[in-house]
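All values below come from the heavy atoms of this structure, side chains included, with hydrogens, waters and symmetry mates left out. Below, read A as the first sequence line, B as the second, and so on, with proteins coming before strands; counting in each chain starts at 1. Since this is a predicted model, take the numbers as computed values, not measurements.
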Protein chains: 2
Amino acid sequence: MRSEDLAKLLGLSRSTISRVINNYPDIPQSTREKVWKAIEEYNYAPNASAQKLAGVKNKMIAIILLDVKDNEEPHHVKSTDDTLIHDNPFFSPIVSAVSDQANKMDYYVLISIAYSKEDLKKVQSIFYQKIIDGAIFVGTQESENELIFNLIEQKHFIAMIDTSEVYNKNHNAIYINADNFEGSVKAVSYLLELGHTSIGIITGNLNKLSAKERLAGFKTTLMQHGIEMTKDAIYHGDFTESSGYEGVKYFFRGPNPPTAIFVSNDTMAVGAYKAVSELGLRIPKDISIIGFDNSFFSSYLNPPLTTVEISFSDIAKKATTLLIESIEKEQQRGIVEKVNATLIKRESCQAIKSDDETK
Amino acid sequence: MRSEDLAKLLGLSRSTISRVINNYPDIPQSTREKVWKAIEEYNYAPNASAQKLAGVKNKMIAIILLDVKDNEEPHHVKSTDDTLIHDNPFFSPIVSAVSDQANKMDYYVLISIAYSKEDLKKVQSIFYQKIIDGAIFVGTQESENELIFNLIEQKHFIAMIDTSEVYNKNHNAIYINADNFEGSVKAVSYLLELGHTSIGIITGNLNKLSAKERLAGFKTTLMQHGIEMTKDAIYHGDFTESSGYEGVKYFFRGPNPPTAIFVSNDTMAVGAYKAVSELGLRIPKDISIIGFDNSFFSSYLNPPLTTVEISFSDIAKKATTLLIESIEKEQQRGIVEKVNATLIKRESCQAIKSDDETK
DNA sequence: CTGAAAGCGCTTACAG
DNA sequence: CTGAAAGCGCTTACAG
């Protein structure tokens, strides 16, 4: 059914049909009703492509999840690519929040997961083909930045989650991040309050902003408290369960393991728990563990994991809202926002017994 | 940049540009190369709307997650709608598998979560507007069936996950489900092998096919083994953690609790674990618990949960592949497939001590 | 081998 | 108030 057909049926012209659909004034109520009734009856809806070609706005954005592995380092991860990104605790909350918020603002959302440079090329082309009005990128690494930077320069609307605004010299994009640094400061400060001074960190994939910032918060806090940190105190993980496992094994390889470990996300904390248990040790008696993300499973762990909560939904909602607003205003502008991180105390950390107390 | 512009730049006509892009024969290699070079240089890509209007295929499908609550029954769930669907363990694997498989087959995917009848109306209109070529619906309830049935009758391409094919009289749609019945038979048979005869079930939301089939498998297995089942043995949950919690409380309200509980998904098993622990009981010593789904957190529970594995990725991949194939063939046809369910034995079930053994 | 022209289904000034 | 017509950016028979 085309507007032409509907028009003939009603003895009107396409122009009139179009005008009632687009809510033009100066149309008699009677015509309006007649047309709407027919639209309902015949399930007519204007062809979106024709509309767009005629100048009507798209109202479509994309959410692009980046899972590009561009380093050749061996990964301690499951070998099949498919199992990777959706294990990520942020996947569901971010995707669903973007979808919900966009739908609320009357936008459609395209979803795409990019595993390689070629995938990113395809993403680029959905801009050039004018399929979308803008996009939200999640978790870009530096190497992908060039391509996104070009898109921004070409006046496309872009929001980024988990990407530092300092990568790009210009600021005409939207950057929404968790306050990873602050969260990490809170976590480490808590460990210090509990009397720990020998603290290790298992980092995330340091190509990701969140991993970098969490490490920075760790270092800064220790430094501010005058605690010297050896190189030994850092294990480079990659946000996967198995790297958490390896991290613990690394820290316990020698005679002087730390008394607490700051694990850069909860998924790695799961691996850490396993390693601790294999070593015949107990959490928190023998080692305190603190995580990050407050993934929903973290409260089910045994013992329940102390962690830092960040709201992926809030981040995604904010990114979506700001992106669509700037699309609607047709005005590209730079926005940088951080979303709070809060410490969730559970049972995986305990105070160090000082010499005073033990005697 | 339009094809016209590119053509002028090269001293050619739009027709020629179009022909090299669409890989027509009989174009000299030199022209071909010249055009491709310019395309790269100017980041030209044909406007998708214009292409579609001119008759080129869409190559876009939608994945629609249904989370419509049409019953007024009190829910034991968190009050905000937002927190619901993405807590679902199938969300990530299904969405990412659909996206990956579609991308592999060169299709874009639109994502939408429908919470209400109005949302479903919007979904309907993306078909009428010819934005998509087909869609995958996940988790429809009977009340939503009418609308989807209409779409199928109107010759739209549709695949459904977790919907029974018997709801619709015609079969011109694709139905992909886990073999919930068989999985449930395996779970209950295992409990019987362990010597349990007093077994309770916490069901899922019985508006969902999976919940119904899991209950059916439970009943059938008991019946086949000549075990009588009282009404008391069924607690009506809704797949949420809190209903698992309530279920256990229900079973332990009286003097003769069951010795094993079949919990219809792992999320409810988490709630069940909590309730058992609050009651001061131990799993599996005092009560055996078996779950369903093999959600990734189920192995982290304490004790690790015995459950039934179904591959959401496989289901989603199959649905996507079949949907796109039938779109490409322009031939709507009915397909019904089931994906295997397998028992994963862990540590939450133990054999009942018979009187013989205890003496 | 390649260009001119029709047509896809809309919207929107322009007339009346 | 409403219709005829141009135009959006492509593709694809039709000619040559």
Using the side-chain contact (heavy atoms from CB on, under 4.5 Å) rule, take Gln129(A) and Gln51(B) through it: C-alpha gap first, then chi angles, then the decisive distance, then the call. CA-CA 10 Å; Gln129(A) 291 176 88; Gln51(B) 281 188 304; 4.3 Å; yes

Shortest side-chain distance from Ser18(B), nucleotide among dG3(C), dC1(D), dT11(D): dT11(D)

Return the minimal non-hydrogen interatomic distance between Tyr44(A) and Arg2(A), and the atom names on each side. CE1-C, 3.7 Å

What is the distance from CD1 of Ile21(A) to P of dT2(D), rounded to the nearest Å? 15 Å

Parallel, tilted or perpendicular: ring planes of Phe137(B) versus Phe127(B), cut at 30 and 60 degrees: parallel

Identify whether the distance between the nearest side-chain nitrogen and carboxylate oxygen of Arg333(B) and Glu325(B) falls below 4.0 Å. no

Are a donor atom and an acceptor atom from the side chains of Asn22(A) and Ser18(A) found within less than 3.5 Å of each other? yes

Between Asn47(A) and dC10(C), is there a contact of a side-chain N or O with OP1 or OP2 at under 4.0 Å? no

What is the distance from CD of Gln51(A) to C1' of dG7(D), rounded to the nearest Å? 16 Å

Within this structure, what is the CG-to-P distance between Leu10(B) and dG3(C), rounded to whole angstrom? 11 Å

Nucleotide dC8(C), atom P - distance to CG of Asn58(B) in whole Å: 18 Å

If every non-hydrogen atom of Ala173(A) is compared with every non-hydrogen atom of Ile152(A), which pair is closest and at what distance? CB-CD1, 3.5 Å

Take atom NZ of Lys52(B) and atom C1' of dT11(D), then tell me their distance rounded to the nearest Å. 15 Å

Could you go over nucleotides 13-16 of chain D and give all protein N or O partners under 3.5 Å, atom names and distances?
unit_1: dA13(D); atom_1: N6; unit_2: Arg19(B); atom_2: NH1; d: 3.3

Give me the stems containing DNA chain D, sorted by first residue, counting only three or more consecutive Watson-Crick or G-U pairs with both distances under 3.5 Å; say none if there aren't any. C:1-3 with D:14-16, C:5-12 with D:5-12, C:14-16 with D:1-3

Mind calculating the distance between CG (Asn23(B)) and P (dC10(D)) to the nearest angstrom? 18 Å

Which pair of heavy atoms, one from Ile39(B) and one from Ile21(B), lies closest together, and at what distance? CD1-CG1, 3.7 Å

If the threshold is 4.0 Å, N to carboxylate O, is there a salt bridge linking Asp5(A) and Lys8(A)? no

Within a radius of less than 6.0 Å around NZ of Lys37(A), do more than 12 heavy atoms belonging to other residues, nucleotides or ligands occur? no

Taking 4.0 Å as the cut-off, does a side-chain nitrogen or oxygen of Ser3(A) come that near to OP1 or OP2 on dC10(C)? yes

So does Arg14(A) get a side-chain nitrogen or oxygen closer than 4.0 Å to the phosphate oxygens (OP1/OP2) of dC10(C)? no

Does dC10(C) have OP1 or OP2 sitting under 4.0 Å from an N or O in the side chain of Tyr44(A)? yes

Figure out the CG/P separation between Asp26(A) and dG3(D), and round it to whole Å. 14 Å

So, Ser116(A) side chain and Asp119(A) main chain: donor-acceptor pair closer than 3.5 Å or not? yes

With DNA chain C as reference, determine whether Ala54(B) or Ser13(B) sits nearer its 5' end, using the nearest nucleotide of each. Ser13(B)

Winner on side-chain proximity to Pro46(B), out of dG3(C), dT2(D), dC10(D), is dC10(D)

Taken to the nearest whole Å, CD1/Ile17(A) to C1'/dA4(D) is 16 Å

Please tell me if Thr16(B) has a side-chain N or O lying less than 4.0 Å from either OP1 or OP2 of dG3(C). yes

Side-chain N or O of Thr31(A) closer than 4.0 Å to phosphate OP1/OP2 of dT2(D): yes

